[in-house]
Amino acid sequence: MEQRDMSVMEHIVELRRRIVISLIFFTVALIAGFFLAKPLIMYLQSTPTAQDLPMNAFKMTDPIRIFMTFAVSIGLIFTFPVIMYQLWAFIRPGLHEKEQKATLAYIPFAFILFITGLAFSYFILFPYIIQFMGNLAGSLGITEQYGVNEYFSFLFQITLPFGILFQLPVVVMFLTRLGIITPSFLSQIRKIAYFVLLVLAGFITPPEVISHLMVTVPMLLLYEFSIWVSYLTYRKVQKAEKEREAGVDK
């Protein structure tokens, strides 16, 4: 199909169409979430991290709140690749053919990184934090009586940010290919980025040094990995531009 310049109204109509498609898929995924929420909640309650914790519902709305939170989260996770594809389809007309193919490959990569972030935070970071808090409560003579809403809210507070933060290499790769950022720019703002990541780690973890380091170090490594990804992408973009210019000169 021949590409042409789209008017502002056509862009708005196209964006609305992409949003509607994403909402339709989310509705279907949400229905699936209603069926999967209960088994997932029961499984998480039976894991070694949670099975020894006495969970209570301190409010009548806690069970339905937890159930809906899980259903919506499952729906969003299932819809994530669709949202990424719709975003790619919306900006596709402004990309060259090679850029279209390259950016389309980001979608499964982004989803894998999202799941990796969730897995890292749940299987490595979360158990340590729960163990530390339990040991601290025992040393202070405090009897643990956690509300189920508090437990799962804390679980989401730890895991979801990591799923989002693990998208950093994909975002950097995408912005580098579009020419918005460069590896040299990322290197120049390294100190500022480190400070922002330290602050984010402080919001995610409790005020304890070891758990803070367990969050901060992977974040810093992820940023350095993003610079390396940006460098490789930037080289490919520069090489493609040179080949294109050479072809035009011929």
(Q) Using the rule given for side-chain contact (heavy atoms from CB on, under 4.5 Å), can you reason through F114 versus I77, listing the C-alpha separation, both sets of side-chain angles and the distance that settles it, and then say yes or no? (A) CA-CA 9 Å; F114 181 77; I77 292 174; 3.8 Å; yes

Linking I/L/V/M/F/W/Y whenever their side-chain heavy atoms sit closer than 4.5 Å, directly or via other members, would [X] and [Y] fall into one cluster?
X: I112; Y: W88; answer: no
X: V148; Y: F58; answer: no
X: V72; Y: F154; answer: no
X: I12; Y: L87; answer: no
X: I181; Y: I227; answer: yes

Write down the atom of [X], the atom of [Y], and the distance for their closest heavy-atom approach.
X: Q167; Y: L113; result: NE2-C, 3.8 Å
X: S121; Y: P127; result: O-CD, 4.5 Å
X: A29; Y: T79; result: CB-OG1, 3.5 Å
X: T61; Y: I64; result: O-CG2, 3.1 Å
X: P218; Y: L213; result: CD-O, 3.9 Å
X: A201; Y: V215; result: CB-CG1, 3.7 Å

Q: Apply the test side-chain contact (heavy atoms from CB on, under 4.5 Å) to residues L30 and L76: give CA-CA distance (whole Å), side-chain angles for both, the deciding distance (0.1 Å), then the verdict.
A: CA-CA 8 Å; L30 181 61; L76 288 175; over 6 Å; no

With a 4.5 Å cut-off on side-chain heavy atoms, are [Y] and [X] touching?
X: P161; Y: L200; result: no
X: L197; Y: L222; result: no
X: F126; Y: L155; result: yes
X: L44; Y: Y122; result: yes
X: M68; Y: F34; result: yes
X: V82; Y: Q86; result: yes
X: T47; Y: F123; result: no
X: F162; Y: I124; result: no

More than 12 non-hydrogen atoms from neighbouring residues, nucleotides or ligands closer than 6.0 Å to [atom1] on [X], yes or no?
X: F195; atom1: CZ; answer: no
X: I192; atom1: CD1; answer: no
X: R190; atom1: CZ; answer: yes
X: Y151; atom1: OH; answer: yes

Hey, could you give me the [atom1]/[atom2] distance between [X] and [Y], rounded to the nearest 0.5 Å?
X: M84; Y: I107; atom1: CE; atom2: CD1; value: 6.0 Å
X: M219; Y: F166; atom1: CE; atom2: CZ; value: 9.0 Å
X: E150; Y: D62; atom1: CD; atom2: CG; value: 8.5 Å
X: L40; Y: F67; atom1: CG; atom2: CZ; value: 11.0 Å
X: I83; Y: I19; atom1: CD1; atom2: CD1; value: 10.5 Å
X: F80; Y: I115; atom1: CZ; atom2: CD1; value: 8.5 Å

Q.
Determine whether a donor-acceptor pair (N or O, by modelled atom type, separation under 3.5 Å) exists between the side chain of Y223 and the backbone of L168.
A. no

(Q) Please check: side-chain N/O of T69 versus main-chain N/O of R65, any donor-acceptor pairing under 3.5 Å? (A) yes

Q: State whether a side-chain donor-acceptor pair under 3.5 Å links S184 with T182.
A: yes

(Q) Restricting to side chain to side chain contact (heavy atoms under 4.5 Å, CB included), what partner residues turn up for L221, sequence neighbours left out? (A) V217

Q.
For a ring pair (Phe, Tyr, Trp, His ring centres under 6.0 Å) check, start with the C-alpha distance between Y231 and W228, then their side-chain angles and the critical distance, and finish with the verdict.
A. CA-CA 5 Å; Y231 172 74; W228 180 71; 8.6 Å; no

Q: List in chain and number order the residues that pass salt bridge (Lys or Arg N to Asp or Glu O under 4.0 Å) with R17, two or more places apart in sequence or in another chain; answer none if no residue qualifies.
A: E14

Q | Verdict with supporting geometry, Q45 and F152, side-chain contact (heavy atoms from CB on, under 4.5 Å) | A | CA-CA 10 Å; Q45 286 181 309; F152 284 115; 3.8 Å; yes

